[in-house]
A.B. asks: 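First, the structure itself, so that you have it in front of you.
Note that this is a predicted model, so its numbers are computed, not measured.
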Amino acid sequence: MKPEDLLQHLSPSPVQKCSLGCPILDRFLGGGIPCNSITELVAESGCGKTQISLQLLLSAQLPTSLGGLSSSSLYLYSESPFPLRRLHQLSSSFPTLHNPLGNILTHPLHSAHHLFDVLSQIDSLLLSHPPSFPPIKLIVIDSIAALFRFEFENNARDLKQRSGLFFKISSKLKEQARRFGLAVVVINQVVDVIDDSDVLRIGNSTCLYTSERKVCAALGLSWANCVNTRLFLSRNEERVADEDCFTTQTRRFIRVVFAPHLPDSYCEFVITREKVFGLER
């Protein structure tokens, strides 16, 4: 074997990525959401994490030539009814898709243990599918923090059990992502930071800011070690002069907190009735 053959053998093969349905956001993320790993969206309520996830459910159905996965998706939700009306609005921006809502499977979640049970039961669904139904290549979990919020107390015994369940869930997700070439997106929430000394440095920043508040991702360091990529969404209200008065404008940003393939960077984005799209700097 020649040295160049050995280097070629050791070089990682390109990872397939799922478009976000916007070329600006895709460029910001180096092509989109990567398969074979877990990508986490962290944000407070109203920042757009569910909006982006819904758009991913549609863009995953696009052919690979357009940045999609030519696939169906599985959406696991824990907090509220599935936002079907909003998904239908977004689908108008994907006119080339045939029956886009029919290629999305949904399932409610009641607890963290229920999530693990569901993941353990879907291998057969990922292995085989009806001829008229594309293979599942995207799994979205909305949201992981809600599943753990009331199930565990803040004591040593429960925290140890919680960490153990973190690793069981993430190990199962990573195994399925690698085995079936899945893009896995997990939505997480934030908590306010009161004392900086209580926050460990994770990724590019110790603390993150949204709505003029200092926050960090929920579930702590144990969960942070379970995801491959963490993206932080934030929002800020700005006063803008409009003729003789002032109006309030909401600006939203997405930032790379850590990722094996992306630098520390950020991108502004906008949510409209039709679509979520990024803005050029």
Side-chain angles (χ1 to χ4, degrees), residues 12 15 17-18 29 33-44 49-50 52-53 56 74-79 107 109-123 126 137-154 156-191 193 198-208 215-233 254-262 264:
V15 175
K17 294 177 182 177
C18 181
L29 294 176
I33 300 297
C35 295
N36 307 340
S37 64
I38 301 175
T39 298
E40 181 190 51
L41 301 180
V42 176
E44 67 169 330
K49 51 189 184 296
T50 297
I52 290 177
S53 299
L56 276 169
L74 175 61
Y75 195 96
L76 306 174
Y77 58 96
S78 60
E79 288 196 282
H107 196 287
L109 298 173
H110 309 300
S111 68
H113 287 94
H114 184 213
L115 169 60
F116 183 74
D117 292 340
V118 170
L119 295 176
S120 301
Q121 295 168 7
I122 64 173
D123 279 6
L126 297 172
K137 292 291 184 179
L138 171 67
I139 294 180
V140 176
I141 300 173
D142 183 5
S143 73
I144 192 70
L147 296 174
F148 286 91
R149 185 180 297 150
F150 303 112
E151 195 167 347
F152 296 91
E153 299 292 335
N154 191 25
R157 178 177 173 273
D158 275 22
L159 291 176
K160 182 178 180 180
Q161 290 182 348
R162 190 183 75 160
S163 295
L165 192 51
F166 283 166
F167 292 117
K168 286 178 64 177
I169 290 172
S170 63
S171 295
K172 185 61 178 177
L173 283 170
K174 288 178 180 177
E175 182 267 325
Q176 290 173 328
R178 290 189 296 264
R179 183 181 176 190
F180 302 106
L182 307 178
V184 177
V185 175
V186 178
I187 291 177
N188 195 4
Q189 299 166 358
V190 299
V191 294
V193 173
D198 294 334
V199 181
L200 296 174
R201 180 181 178 86
I202 300 175
N204 299 317
S205 176
T206 302
C207 298
L208 305 165
V215 300
C216 65
L219 304 182
L221 181 61
S222 294
W223 174 251
N225 288 326
C226 293
V227 301
N228 303 102
T229 298
R230 171 170 284 175
L231 305 176
F232 173 66
L233 282 61
I254 179 170
R255 178 182 177 182
V256 177
V257 179
F258 59 79
H261 61 295
L262 296 172
D264 180 7

A.B. asks: What class does the angle between the rings of His114 and His110 fall in, given that below 30° is parallel, 30 to 60° is tilted and above 60° is perpendicular?
C.D. replies: parallel

A.B. asks: Looking at Phe232, is its backbone amide N or carbonyl O close enough to the side chain of Lys49 to form a donor-acceptor pair, meaning the two atoms are under 3.5 Å apart?
C.D. replies: no

A.B. asks: What's the separation between atom CD1 in Ile254 and atom CG in Leu233, rounded to the nearest 0.5 Å?
C.D. replies: 4.5 Å

A.B. asks: State which residue, out of Thr39, Ile33, Ile38, Asn36, fulfils the side-chain contact (heavy atoms from CB on, under 4.5 Å) condition with Val184.
C.D. replies: Ile38

A.B. asks: If you look at every heavy atom in Val42 and Glu40, which pair is closest and at what distance?
C.D. replies: CG2-OE1, 3.2 Å

A.B. asks: Out of curiosity, His107 NE2 to Tyr77 OH, how far, rounded to the nearest 0.5 Å?
C.D. replies: 8.5 Å

A.B. asks: Has Asn188 got a side-chain atom pairing as donor or acceptor with Ala218's backbone, closer than 3.5 angstrom?
C.D. replies: yes

A.B. asks: Could you check if a side-chain atom of Pro34 sits within less than 4.5 angstrom of a side-chain atom of His261, using non-hydrogen atoms only?
C.D. replies: yes

A.B. asks: Once rounded to the nearest 0.5 Å, what's the spacing between atom OG of Ser163 and atom CG of Leu221?
C.D. replies: 9.0 Å

A.B. asks: Below 4.5 Å, heavy atoms only, C-beta onward: do Ile139 and Phe180 meet side chain to side chain?
C.D. replies: no

A.B. asks: Is any side-chain heavy atom of Arg255 closer than 4.5 Å to a side-chain heavy atom of Asp264?
C.D. replies: yes

A.B. asks: Begin with the C-alpha distance, continue with both residues' side-chain angles, and end with the deciding distance and a verdict on side-chain contact (heavy atoms from CB on, under 4.5 Å) for Leu231 and Ile52.
C.D. replies: CA-CA 12 Å; Leu231 305 176; Ile52 290 177; over 6 Å; no

A.B. asks: Give the minimum heavy-atom separation between Phe166 and Trp223, together with the two atoms involved.
C.D. replies: CD1-N, 3.7 Å

A.B. asks: Between Ile122 and Gln176, is a side-chain contact (heavy atoms from CB on, under 4.5 Å) present by the stated rule, with each step listed?
C.D. replies: CA-CA 10 Å; Ile122 64 173; Gln176 290 173 328; 3.6 Å; yes

A.B. asks: Does anything in residues 170-188 form a salt bridge (charged side-chain N to carboxylate O under 4.0 Å, His left out)? List the pairs, not counting sequence neighbours.
C.D. replies: Asp123-Lys172, Asp123-Arg179, Lys172-Glu175, Glu175-Arg179

A.B. asks: Side chain to side chain contact (heavy atoms under 4.5 Å, CB included) with Ala146: which residues, sequence neighbours excluded?
C.D. replies: Ser78, Glu79, Ser143, Arg149, Gln189

A.B. asks: So which of Val185, Ile187, Val118, Leu173 actually passes side-chain contact (heavy atoms from CB on, under 4.5 Å) with Ile141?
C.D. replies: Leu173

A.B. asks: If you measure from CG on Leu147 to CG on Leu165, what distance do you get to the nearest 0.5 Å?
C.D. replies: 9.5 Å

A.B. asks: Mind checking whether Ile169 and Leu115 have side chains closer than 4.5 Å, heavy atoms only?
C.D. replies: yes

A.B. asks: Mind checking whether Leu56 and Leu138 have side chains closer than 4.5 Å, heavy atoms only?
C.D. replies: yes

A.B. asks: Measure across Leu219 and Ala145 and return the closest heavy-atom pair with its distance rounded to 0.1 Å.
C.D. replies: CD1-CA, 4.1 Å

A.B. asks: What heavy-atom pair brings Ala177 and Ser37 nearest, and what distance separates the two atoms?
C.D. replies: CB-N, 3.7 Å

A.B. asks: Would you say that Leu29 contacts Lys17 through its side chain, given a criterion of any heavy-atom pair below 4.5 Å between the two side chains?
C.D. replies: no

A.B. asks: Mind checking whether Asp142 and Ser53 have side chains closer than 4.5 Å, heavy atoms only?
C.D. replies: no

